[in-house]
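Notes follow the structure.
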Amino acid sequence: MIEKLTLDINGEQWVATVRMADTLLDVLREKLDLTGAKRGCENGDCGSCTVLADGLPVKSCMMLAVDAIGKKLTTIEGLQDTPMQHAFVEKWAFQCGYCTSGFIMNAHALVNQHPDATDEIMEEWLSSNICRCTSYQEIREAVKSVLKEQRFDRKRPRNRR
Amino acid sequence: MKRYRVIGKSVLKKESWDKVSGRVKYIDDHQEVGTLHVKLLTSTYAHAYIGNVDTTEAWKVPGVRAIVTGKDYPLLIGTTIKDRPLLAFDKVRYYGEPIAMVIADTEAIAIQAVTLICVEYKPLRVVNSPVEAYQKDAPLVHDQIEQYLIDQDADTTGTSGGIRPVPGTNIANRQGIRKGNIERGFARSDVIVEEVFSFKQSDHTAIETRCADVEIKKTGEVIIHSASQEPFEMRELISQTFNIDEGKVHVHIPLVGGSFGAKTSVQLEPLAYVASKAVGGRKVRLRNSREEDIVTSPVHIGLHAKVKMGCTRDGKLQAIKLFFLFDGGAYAERAVPVTKAAAFDCTGPYTIDHVWCDSLCMYTNHPYATDFRGFGRTEVAFGVERTIDIMANKLGMCPLEFRLKNAIQPGDTSPTKVLLNKSNLGDIRECLLQLRELIDWDRGQRIDISDRIVRTKGISCTWKNGDPPPGVGAGAILTFNSDGGININCAAIEIGQGTKTVLTQMVAEKMKMDVDDVFIQMEVNTQLSPEHWETAASRTTFLSGNAVLRAVEDAIRQLKRTAAIILKVPVDELEVANKKVYKKTSPSISIDFSEIVYGYIFPDGKVAGTQVVGRGTYMIPGITEMDPVTGRGIQGPEWGVVAQAVEVEFDKRDNTFKLIRAVSVADAGTILNYKGAETQVMGAMNMGLSFATREGFLYDDQGKVLTTQFRSYKVMHYGEQPEYIVRFIENPVKGAPFGSRGLGEHGIMGMPAAVANSLSLAANVSLQQLPLTPEFIWKTRLKAGEVY
Ligand code: FES
Ligand code: FES
């Protein structure tokens, strides 16, 4: 069955014609050319397809496109110059880059949802993604540096912002 | 030590921002309307005759454009022994082997049609391990190996030709090492240990699965896009297999999403070529699912190793006898070069006068193997380095002291009888001494934390030469922009290792200019880029770097020649820096690159110089063929060395453990990009620990691989990693760009051995199999009566 649907992605409305069985990942990549989310397993195991739905990370290979209707979706293409992207660059938190979009989306949501994330919370969130190139230590440093920066920003008096 | 401006600095990867903003286009991200999709039908048996392949029902699915079966192309291909059918006909030899393919409008349609193809199988007895394969009465995976063609072209076989399958057996190749006299060596030994080690095949699991696009033009030109490390070898193979002029095959490689050796084998591209041919040359895409990437495409080799070592009472190693049965799987492909290379460096970085090694690449009914980071060393080191610990233990010596005492030195010879010197050999003693400090070795190798928890440290030493076949090389072309900036064109492939950025650093260093003014094309195109031997064996920087440096010299010569005419200063009084040519003695006499890179016009219309194009080529000197029996020969330019340690916390009650700390001290020659080098080594260490503690195929008794998803094939996840510490000793190599050594693989090699040494000490049993799961440790302790 073919359906025409409207999705709210990165603050814009996108219209696509999809099969009912198409996953959100299929539609993002094949219909809308938003190829930042990657296919690593299409089975919910690797996290390289992670996007945000209403601010929370979801594996877009595990969500049907029709289920994304009405949700505010954010993909890596929607992140502009965010602290997490800077941190990934500065801490060398990627090599081949294939897992990177997914990791950044997950980590970006993590620091928004848990500005005081402990090591345990970080692990709980980030262990859903696989990176085969880095040692994860670089990713850990990147996320920690953003958390630290945020904390520092919060402590600064308002008028200095 | 020499100080550089740009070399050694942690220059960020050129493609960094593209990678963090989702803009990098890997092969699967390029989508063209009208591309047809190919899906493979793969075998559900590991060893069986195949009868009729019935495609009637599959053809009925709307949107199916073509179906190809093995009978349509009864071809045998391979880059070493030509033993592999493009699509299986007559017989399947591993679970997951391609039998047929469907070409359809969409991937979903192709998948649906594939499920409707019926294959008649007649199961055969399965060869389910390399040990089984070696038995006299073992079924033969290939009945008539003597009839196969062998590609003796050193350039494609890698690690030199001389491949000899043994008729009537499952032996695809046997590589020997004979140095000294093994009997005499053992006669001189007071203590002899003999141990067996093994692990099953596993997989690279790069997060990007393999994928290839092929289109055949009306002119007969074949356009291939692929995620591969070997565009030139692929071109050659396609041209030979299908009898097409090599010049008509054009290969494009975009950025690659990880490889670790996986993407050195050419597999999907010839299939996609045939698929495109079946639909009149239309563009087709063949993309692996994760499951196919794990079993259908080539895997990481397995090993069964016997290690016998002899030593004097005072701890001087005398003799080592090694017998390797590698699980190369159903087809020889690149498993053969891996098993040859494993023999060449088999002793590890130790002085041992009497060496005997036979390294056998066995055919089994398992997926076929290809390169894996470390190229044979990671595998062998597990056995040899565990035995070193066992020996030290028997002698009552400290394992670190024992290694120091036997560390190989300039003046010694390698197992391949190459005389070692300060340039071609890294400094393993210095690595060990620094490791000792970093891991607090002298505070104790084993510390009891509580009656349940114990903390232990294990170490290992490894080395690796590069194994390029004789006569390989690279080329580079430099062009200039009107503002004096430089573009590099060379065929080194970026798989995440940062080679491209390092090459821009080299140009910036030599030209004394800002690295931001140096650009490099990320994609490789065989039609435009000068030929380059595969991006593998940690030799890319060596080959491309040398070519690029020569290209810079060539460009500087041209710039100076033009500037000399304009400035009226003799060429040898000129220098370049900051995109200018200037007079050494009075730098104010100068001219900008921007004024001369396209030639210079005087006011009267006369011209000086022409466009500057730097050309550089390089061919590796001094590599020889290796003797198949004695292993004598020169296999590469230099041995990089690394000493590593792993600290674990082991729970004696439930046999679980935590990885606490892992340290590497590597002699990598001059470091070209500090952060780049450090993170390369850290990533490799992580992969090594993942392999050693979690990974490995499970097969059922019929040779079917049961672990084909990340749910069953476990790799390291975030949070499971230890703290990583990396240090470098910079002992430069002659003839290498800025004196750098190979680096991409060194982090992984000693990890399995070090963690096994650590856990063996903790669990008080000798662990001789991988992966080191709590279950395996528990079973070993149970056998030893350590637990009940
Ligand atoms: S592709 Fe979605 S989790 Fe792997
Ligand atoms: S950077 Fe390659 S998989 Fe993470």
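Hydrogens, waters and symmetry mates are skipped; everything else that's a heavy atom, side chains included, is used.
Neither the backbone nor the side chain of Met84(A) comes within contact range of chain B; no heavy atoms are under 4.5 Å apart. Contact annotation for Leu12(B): both backbone and side-chain heavy atoms come within less than 4.5 Å of a heavy atom of chain A. Looking at Gln680(B), the atoms closer than 4.5 Å to chain A (heavy atoms on both sides) sit in the backbone and in the side chain alike. Interface remark: Gln85(A) contributes backbone and side-chain atoms alike to the contact with chain B (heavy atom separation under 4.5 Å). Both the backbone and the side chain of Arg39(A) come within less than 4.5 Å of a heavy atom in chain B. There is no contact between Glu124(A) and chain B, counting heavy-atom distances below 4.5 Å. With a 4.5 Å cut-off on non-hydrogen atoms, Tyr26(B) touches chain A through its side chain but not through its backbone. Neither the backbone nor the side chain of Ala662(B) comes within less than 4.5 Å of any heavy atom in chain A. Proximity to chain B involves both the backbone and the side chain of Ile130(A), based on heavy atoms less than 4.5 angstrom apart. At a 4.5 Å heavy-atom cutoff, the contact between Gln721(B) and chain A is made by side-chain atoms alone. For Met682(B), the parts lying near chain A are the backbone and the side chain together; criterion is any non-hydrogen pair under 4.5 Å. With a threshold of 4.5 angstrom between heavy atoms, His204(B) approaches chain A through N, CA, C or O but not through any side-chain atom. Interface residue Asn129(A): only backbone heavy atoms are found under 4.5 Å from chain B. Only the side chain of Ser48(A) comes within contact range of chain B, judged by heavy atoms closer than 4.5 Å.
Listed options Glu723(B), Glu291(B), Gln709(B) were ranked by heavy-atom pairs under 4.5 angstrom with chain A; first place goes to Gln709(B). The greatest number of non-hydrogen atom pairs below 4.5 Å with chain A, out of Ser690(B), Gly498(B), Gly676(B), Ala108(B), is found for Gly676(B). Interface remark: of the candidates Leu689(B), Leu255(B), Thr205(B), Thr209(B), Thr205(B) forms the most heavy-atom pairs closer than 4.5 Å to chain A. Chosen from Glu107(B), Gln31(B), Arg287(B), the residue pairing most often with chain A at heavy-atom distances under 4.5 Å is Arg287(B). For the set Lys19(B), Glu15(B), Arg290(B), the count of heavy-atom pairs under 4.5 angstrom toward chain A peaks at Lys19(B).
Looking at Arg727(B) and Ser664(B), their side chains never bring a donor and an acceptor atom within 3.5 Å of each other. At a cut-off of 3.5 Å, with distance as the only test, no side-chain donor of Glu138(A) or Thr679(B) sits close to an acceptor on the other residue. Looking only at atom types and distance, the side chain of His300(B) has a donor-acceptor partner in the side chain of Ser202(B) under 3.5 Å away. Checking Thr6(A) against Gln13(A) by side-chain atom types alone, no donor-acceptor pair falls below 3.5 Å. Between the side chains of Thr264(B) and Gln229(B), no donor-acceptor pair of N or O atoms lies under 3.5 Å. Checked by atom type, the side-chain pair Asp213(B)/Ser226(B) shows no donor-acceptor distance below 3.5 Å. At a cut-off of 3.5 Å, with distance as the only test, no side-chain donor of Thr50(A) or Asn106(A) sits close to an acceptor on the other residue.
Counting heavy atoms from C-beta outward, His30(B) and His225(B) have side chains that stay 4.5 Å or more apart.
Here the side chain of Arg23(B) pairs no donor or acceptor atom with the backbone of Trp17(B) at under 3.5 angstrom.
Shown here is Glu149(A), whose CD atom has no more than 12 heavy atoms of other residues, nucleotides or ligands within 6.0 Å.
A side chain to side chain contact (heavy atoms under 4.5 Å, CB included) with His114(A) is found for exactly one of Asp116(A), Leu110(A), Val111(A), Thr118(A), namely Leu110(A).
Residues Arg285(B) and Asp28(B) are paired through a salt bridge, judged by an N-O separation under 4.0 Å between the basic side chain and the carboxylate.
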